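Just so you know, ligand 1 is whichever comes first in the structure, and atom 1 is the first atom listed for that ligand. No experiment lies behind these values; they were computed from the predicted model shown.
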Amino acid sequence: MSQDAITSLLKETRRFEPPAEFSRRARVGAQATYEALYRESIEQPDAFWRRETSDLVFRTPWTTISDWSLPHAKWFLGATLNVTESCLDRHLTTATKNKAAIIWEGEHGATRTLTYAQLHRETLLLADALKRLGIEKGDRVAIYMGMVPEVAVAMLACARLGAVHTVVFGGFAADALRDRIHDSQAKLVITQDGAYRRGQVVPLKATVDKALAQPEAKSATRVVVYQHLGKERCEVQMTEGRDVFWHDLLAGAAPACEPTVVDAEHPLFILYTSGSTGKPKGVLHTTAGYLVGAHVTTKYVFDLRDDDVYWCTADVGWVTGHSYIVYGPLSNGATCLMYEGAPNFPDWGRFWRLIEKHGVTILYTAPTAIRAFMRQGDEWPAKSDLSSLRLLGSVGEPINPEAWIWYHRTIGGGRCPIVDTWWQTETGSIMMTTLPGASFSKPGSTGLPMFGVVPEVVTKDGKPVAAGEGGLLVLKQAWPSMLRTVWGDDDRFRKQYFSDVEGCYFTGDGARRDEDGYFWVVGRIDDVLNVAGHRIGTAEIESALVSHPSVAEAAAVGRPDDLKGQALVVFVSLRPGVKAGPELQAKLAEHVAKEIGKFARPDAIRFADALPKTRSGKIMRRLLKDVAAGRELTGDTSTLEDLTVMAKLRQQEEE
Ligand code: WT7
């Protein structure tokens with residue numbers, strides 16, 4: 001967020017009460033009801049979670065709600081289940097059977113609808129086919145696809161077999177995919193020929209080929225290719241004995257695949273995310289706790305009703321897509337819109353036309369998108385009838401009050417509550433929000449804790465700070481959908497989340513809590529950036545840069561940006577004899593895109609003779625942040641080893 005945006009956030013005092021008409025029909029229609037439910041969730045968790053999950057399918061009920069022990073809490077001990085029975089089978093005995101589960105629209109306007117019965121059938125067919133390919137309980141399967149219904153089918157088919165999926169966002173480059181396959185030791189990759197993005201074909205299968213050509217990815221011996229674009233638009237190379245088309249595979253499969261019943265703590269999926277150090281971490285989520293978290297939050301936060309058309313605009317490759325396009329909505333029997341392409345294709349009216357065309361009632365999107373639309377002007381949304389909307393959601397980064405107000409007025413017509421939901425890949429489901437029919441909202445505040453969640457703002461020593469004061473945001477007790485470990489690196493799990501503040505899970509975020517108990521998340525205080533809602537580790541960018549032969553050292557920092565929240569600025573010092581210049585800048589930007597993915601391409605690359613360091617040799621990112629933002633240097637420079645380094649950087653800026 002820009003400095004102006006932070007200042008306006010700190011001054012924000014407006015309150016928006018839930019509209020009476022909304023509260024009257026809401027699942028939770030009063031603040032007192034929310035408070036009673038919240039209290040029960042903390043004081044009588046067993047009673048609370050038993051009631052709230054009575055619509056989920058457990059083969060054996062749990063005997064113990066939780067062992068509560070951090071860092072390694074276990075939930076719903078003794079329970080057995082298969083998540084697909086809650087997401088699919090249970091709907092086949094009710095009127096939901098023939099209700100649309102997924103309404104899909106491609107970037108070029110083609111549409112498809114899959115009912116629950118159809119989604120169930122497709123999932124069973126693929127699960128049976130995967131079984132024939134040798135996929136068993138506990139095996140890892142990488143999914144590298146775009147936004148097509150088959151990505152949900154692929155995830156659910158894995159879950160059906162008790163296999164562990166790891167979805168890799170389609171914007172990641174071949175090397176990033178290779179690393180994830182290697183780390184998870186995935187046996188099989190499910191992909192598609194290509195996907196549309198801004199009118200271009202993204203050749204996903206070709207990227208899989210590049211990843212698998214490298215020895216590190218040798219665990220993956222089979223590839224299933226869903227043909228989405230077809231031969232004329234996206235030719236693929238099939239490797240004999242390794243690759244098989246989805247449709248050929250399904251031709252020999254039966255739509256009957258008994259679910260593999262697993263223990264509550266059986267791994268459901270791994271999702272890689274950036275941390276403050278080193279390579280991406282494989283966040284592990286397990287079966288019952290994750291399902292319960294996604295299910296209960298979807299139901300309450302989005303106040304789901306049978307006739308809703310719900311649209312979460314995230315990509316399935318991120319956790320928001322896992323929890324709020326796939327598992328949460330499906331376990332609730334909701335109708336979801338899934339859109340393949342870019343928000344501004346072919347023009348900035350696309351989102352709004354999608355809402356009108358499909359009668360979307362609930363929209364869940366990100367501040368960076370809201371700001372981008374806001375910039376294009378009110379004439380775009382004005383061209384479409386948005387009166388079907390009844391609830392709006394925001395996720396991914398703090399929303400600045402200006403964008404909040406615009407979203408409320410221009411998109412929501414002043415009648416739709418906004419839920420600003422704070423959570424993380426690691427938390428699995430929404431941790432803080434306001435319930436739309438119960439609590440007033442304040443633009444820029446993420447509101448109050450969700451059921452079973454105990455957040456607090458503390459000092460480094462774990463002492464709670466006074467209302468209104470800033471500090472570290474921690475979660476004080478275990479919650480059902482929390483990550484269980486970092487795949488293959490439990491040490492890192494303990495260090496990353498449980499070593500900063502004694503006895504608590506540390507989120508990496510800074511926050512404050514106001515007199516009303518509302519939380520205001522300011523943003524990451526570790527070396528993780530949030531660029532247009534994408535989480536980027538500075539260490540990853542730096543290691544990508546130093547892998548280039550021209551680069552000696554690199555430091556990545558965030559610069560406040562009105563549109564993206566943060567822009568990515570990198571400082572590099574070059575190896576002797578290498579010439580700085582625009583050409584090298586372009587080359588380095590391309591290199592990062594190739595190593596990680598286009599979304600991680602730096603916004604600015606600056607050359608420096610040397611980077612500012614402490615006497616012990618640590619790069620002083622704090623100073624670089626000031627330089628990147630064009631601010632006066634703030635704070636202490638007394639530990640700086642060589643003062644002339646900063647002078648040179650500043651001078652360069654003035655040139
Ligand atoms: C980080 C987690 C799971 C949501 C998608 C991003 C920031 C997320 C909010 C919000 C302020 C937010 C935090 C958090 N964040 N939602 N409503 N208000 N900040 O998941 O990639 O794991 O990133 O996103 O900094 O730590 P993620």
Side-chain angles (χ1 to χ4, degrees), residues 1 5-6 9 12 167 169 171-172 271-276 280-283 285 290 293-294 297-298 301 312-325 327-328 364-371 392-401 403-404 407 418-434 441-450 453 455 457 472-475 481-483 486 496-497 500 505-513 518-537 540 558 564-566 599-600:
M1 257 195 301
I6 290 176
L9 202 139
E12 184 58 49
V167 180
F169 170 57
F172 276 113
L271 187 58
Y272 287 85
T273 189
S274 297
S276 46
K281 315 175 276 225
V283 166
H285 283 289
Y290 173 80
T297 50
T298 304
V301 179
C312 166
T313 69
D315 192 285
V316 176
W318 308 112
V319 74
T320 309
H322 282 58
S323 303
Y324 299 109
I325 296 179
Y327 290 109
Y364 189 32
T365 193
T368 187
I370 297 166
R371 288 192 297 265
L392 303 174
S394 173
V395 62
E397 57 177 310
I399 181 164
N400 47 311
W404 196 102
Y407 196 29
I418 296 183
V419 290
D420 179 354
T421 60
W422 177 91
W423 59 297
Q424 309 178 296
T425 306
E426 293 88 341
T427 70
S429 63
I430 294 168
M431 297 282 104
M432 294 195 275
T433 180
T434 46
S441 38
K442 305 185 187 192
S445 165
T446 186
L448 300 165
M450 256 327 282
V453 178
V457 182
L472 314 180
L473 179 64
V474 298
L475 302 175
S481 64
M482 69 182 283
L483 80 165
V486 170
Q496 179 88 40
Y497 304 106
D500 292 82
Y505 167 88
F506 175 47
T507 62
D509 280 345
R512 67 191 171 91
R513 188 176 202 176
Y518 276 52
F519 285 86
W520 300 73
V521 175
V522 185
R524 305 289 307 195
I525 51 179
D526 52 8
D527 291 322
V528 172
L529 306 180
N530 192 329
V531 178
H534 291 315
R535 181 163 155 181
I536 298 179
E540 268 170 271
K564 296 175 153 192
Q566 282 185 306
F599 66 91

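Rounded to the nearest 0.5 angstrom, M431 CE and Y505 OH are separated by 9.0 Å.
Taking the ring centroids of F169 and F599, they lie under the 6.0 Å cut-off.
Y272 and T425 share no donor-acceptor pair across their side chains, judged by distance under 3.5 Å alone.
The closest side-chain heavy-atom distance from K442 to W520 is below 4.5 Å.
Here the side chain of T297 pairs a donor or acceptor atom with the backbone of A294 at under 3.5 angstrom. A donor-acceptor pair is defined here as one N or O able to donate and one able to accept, closer than 3.5 Å; such a pair exists between the side chain of Q424 and the backbone of T507.
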N/O to N/O under 3.5 Å, ligand 1 against protein:
from	atom 1	to	atom 2	distance (Å)
ligand 1	15 (N)	G396	O	3.3
ligand 1	16 (N)	G396	N	3.1
ligand 1	17 (N)	D420	OD1	2.7
ligand 1	17 (N)	T421	O	2.7
ligand 1	18 (N)	E397	O	3.4
ligand 1	19 (N)	P398	N	3.4
ligand 1	22 (O)	T425	N	2.8
ligand 1	22 (O)	T425	OG1	2.6
ligand 1	22 (O)	R535	NH1	2.7
ligand 1	24 (O)	G396	O	3.3
ligand 1	25 (O)	D509	OD1	2.8
ligand 1	25 (O)	D509	OD2	3.1
ligand 1	26 (O)	Q424	NE2	2.8
ligand 1	26 (O)	D509	OD1	3.2
ligand 1	26 (O)	D509	OD2	2.9
ligand 1	26 (O)	R524	NH1	2.9

